[in-house]
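Shown next, in structure tokens, is the structure this report addresses.
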Amino acid sequence: MTKTKTLSAILGAGILAAGVHAQTVKIAYPNWAEGIAMTNLMAAVLEEEMGYDVELTVADPGVIYSAVAAGDQDLFLDAWLPNTHEPYWDEYGDQLENLGTTFGNAITGLVVPTYMEVDSIEDLNSIASDLDNKIIGIGTGAGIYRNTNVAINEYDLELVQVSSSGPAMTAALGDAIENNEPIVITGWKPHWMFGRYDLKVLNDPLGVYPIDGCRKVARPGFQQDMPEVAELMLNFTMTEDQLLDLMIAIDDSNDDPRDVASDWMRRNQPAVDSWIPRS
């Protein structure tokens, strides 16, 4: 059975330690739409198709990188590399195993509803007062938060970034769209909001926001210790349409994301079968 907890609580209890990784796979993930979707999908595959137990842990990305590098967690499936998470990779990359890319065209940037008459980050100062001089961001540990502070400086924006969370940011976006109000958020693809709302990523002529891949990384020795799971991760890729379909299904449902992911798995069995190692 999948167990979910917060990594900060575990660390505070002082019980994270490298140990036996026999039939339980420990996966850490951030509270981001694509991370929730991919992680719960892999939990469903591992448990229902391959017979493993899975322990899921929610944490900020910096904590996740540290825990995986230390061997306290097995996997992180939402590493935005090589650019957005570059500082984390610089610190921990030589201790991590690269298990390949799940989604290869991961985009970050400043995002607005299409009804707004701005097309470039350079245009934002012209509507700064309409925006209450705010960019609605997510957690301070996210790479997009750091890059947005760079963008504010590089473009000399008369705006400040307001830290929140992924769910709080999308809630603010939904409220603004419902009332046809201006808003600018720190957004990224893949994300279900692009399937639900008419949005545009503002042009970034200075190239502050990079294109990445959503990569899977593992603790030291993982491929040797759990070769079957490592092969599953190496095989695991998703198209934008597949990932969007899963993310929207999770967001639309009041059920646990693990249950929604399990239902998606059954509806997309040919894709799932292509990921599972066959002896």
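Counting from 1, the numbers follow the sequence of the chain as shown.
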(request) Walk me through it: do V208 and I121 pass the test side-chain contact (heavy atoms from CB on, under 4.5 Å)? (result) CA-CA 10 Å; V208 173; I121 297 174; 5.9 Å; no
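- The backbone N or O of D259 lies less than 3.5 Å from no partner atom in the side chain of D263, so there is not a single donor-acceptor pair.
- To the nearest 0.5 Å, the span separating CG on L75 from CD on E97 amounts to 9.5 Å.
- Taking each heavy atom of C214 and P190 in turn, the nearest pair found is SG-CD, 4.4 Å.
- Checking side-chain atoms of D53 against main-chain N and O of Q23 turns up no donor-acceptor pair under 3.5 Å.
- L202 and I211 fall into different hydrophobic clusters, where Ile, Leu, Val, Met, Phe, Trp and Tyr side chains are chained together by heavy-atom contacts under 4.5 Å.
- Within the 4.5 Å cutoff, the side chain of P182 has no heavy atoms near those of the V112 side chain.
- Looking at every heavy atom in both residues, L77 comes nearest to T39 through CD1-CA, 4.0 Å.
- Although no hydrogens or angles enter the test, the distance criterion places a donor-acceptor pair under 3.5 Å between the side chain of D204 and the main chain of Y209.
- Interatomic distance, CD1 of I185 versus NE2 of H191, reported as 7.5 Å (0.5 Å rounding).
- Side-chain contact between W80 and P210 is absent, with no heavy atoms from C-beta onward closer than 4.5 Å.
- Sorted by first and then second residue, the pairs that involve residues 116-143 and meet salt bridge (Lys or Arg N to Asp or Glu O under 4.0 Å), not counting sequence neighbours, are D119-K200.
- Taking the side chain as every heavy atom from C-beta outward, T101 and T237 never approach each other to under 4.5 Å.
- Annotation for F236 and M238: closest pair CE1-CG, 3.5 Å, computed over non-hydrogen atoms.
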(request) Could you go through the side-chain contact (heavy atoms from CB on, under 4.5 Å) check for L246 and M265 one step at a time? (result) CA-CA 9 Å; L246 175 57; M265 179 185 71; over 6 Å; no
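- I107 and L206 fall into different hydrophobic clusters, where Ile, Leu, Val, Met, Phe, Trp and Tyr are joined by side-chain heavy atoms under 4.5 Å apart, directly or via other members.
- Side-chain contact check for Y92 versus V68: every heavy-atom pair is 4.5 Å or farther apart.
- One finds the CZ atom of R267 at 5.5 Å from the CG atom of D245 (value rounded to the nearest 0.5 Å).
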(message) Walk me through whether I135 and I152 qualify under side-chain contact (heavy atoms from CB on, under 4.5 Å).
(response) CA-CA 10 Å; I135 297 169; I152 289 170; 4.1 Å; yes
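- At a threshold of 4.5 Å between non-hydrogen side-chain atoms, the residues K26 and R219 do not count as touching.
- H85 and F76 have parallel rings, their planes meeting at less than 30° on a 0 to 90° scale where 60° marks the start of perpendicular.
- Ion pairing between E86 and R146 fails under the 4.0 Å rule for side-chain N and carboxylate O.
- In this structure, Y197 and W192 have tilted ring planes: the angle between them lies in the 30° to 60° band.
- Using a 4.5 Å heavy-atom threshold, the side chains of K189 and N105 count as separate.
- Listed here is the closest heavy atom pair of A218 and L99: CB-CD1, 3.8 Å.
- By the neighbour-count criterion of 12 heavy atoms within 6.0 Å, atom CG of D198 is sparsely surrounded, having that number or fewer from other residues, nucleotides or ligands.
- Side chain of Y115 to main chain of E181: a donor-acceptor pair is present (N/O by atom type, distance under 3.5 Å, no hydrogens or angles).
- With hydrogens and angles disregarded, no donor-acceptor distance shorter than 3.5 Å links the side chain of N83 to the backbone of D212.
- Q269 has its side chain within reach of E49: a pair of non-hydrogen atoms, C-beta onward, lies under 4.5 Å apart.
- T186 and Q161 share no donor-acceptor pair across their side chains, judged by distance under 3.5 Å alone.
- Between M247 atom CE and M193 atom CE the span is 9.0 Å, to the nearest 0.5 Å.
- In this structure, V25 and M42 have side chains that are not in contact, with every pair of non-hydrogen atoms separated by 4.5 Å or more.
- Linking Ile, Leu, Val, Met, Phe, Trp and Tyr residues whenever their side-chain heavy atoms come within less than 4.5 Å places I138 and V150 in a single cluster.
- The two residues I144 and T84 have their closest heavy-atom pair at N-CG2, 3.8 Å.
- Remark: the backbone N or O of T239 is paired with a side-chain donor or acceptor of Q242 at under 3.5 angstrom.
- Salt bridge D273/R278: present, at least one basic N to carboxylate O contact under 4.0 Å.
- Side-chain contact check for S66 and Y88: no donor-acceptor pair (N or O, by modelled atom type) lies under 3.5 Å.
- A donor-acceptor pair under 3.5 Å links the side-chain atoms of N125 to the main chain of E158, judged by distance alone.
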(message) Assess the residue pair I177 and L199 against the criterion (side-chain contact (heavy atoms from CB on, under 4.5 Å)); give the C-alpha distance rounded to whole Å, side-chain angles, the decisive distance to 0.1 Å, and a yes or no.
(response) CA-CA 10 Å; I177 290 174; L199 303 171; 4.1 Å; yes
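- Judged by distance alone, the side chain of S262 and the main-chain N or O of R258 form no donor-acceptor pair under 3.5 Å.
- Taking OH of Y29 as the start and CD of E34 as the end, the distance is 12.5 Å to the nearest 0.5 Å.
- A distance-only check finds a donor-acceptor pair linking the side chain of S164 to the backbone of G137 [under 3.5 Å].
- Minimum interatomic distance between L232 and W275 (heavy atoms only, all atoms of both residues): CD1-O, 3.5 Å.
- In terms of hydrophobic clustering, with Ile, Leu, Val, Met, Phe, Trp and Tyr side chains grouped at heavy-atom distances under 4.5 Å, W89 and Y145 are assigned to different clusters.
- V160 and L173 are not part of a single hydrophobic cluster, where members link through side-chain heavy atoms under 4.5 Å apart.
- Here K216 contributes atom NZ and M38 contributes atom CE; the two are 9.0 Å apart, rounded to the nearest 0.5 Å.
- No side-chain donor-acceptor contact under 3.5 Å links E55 to the backbone of T24.
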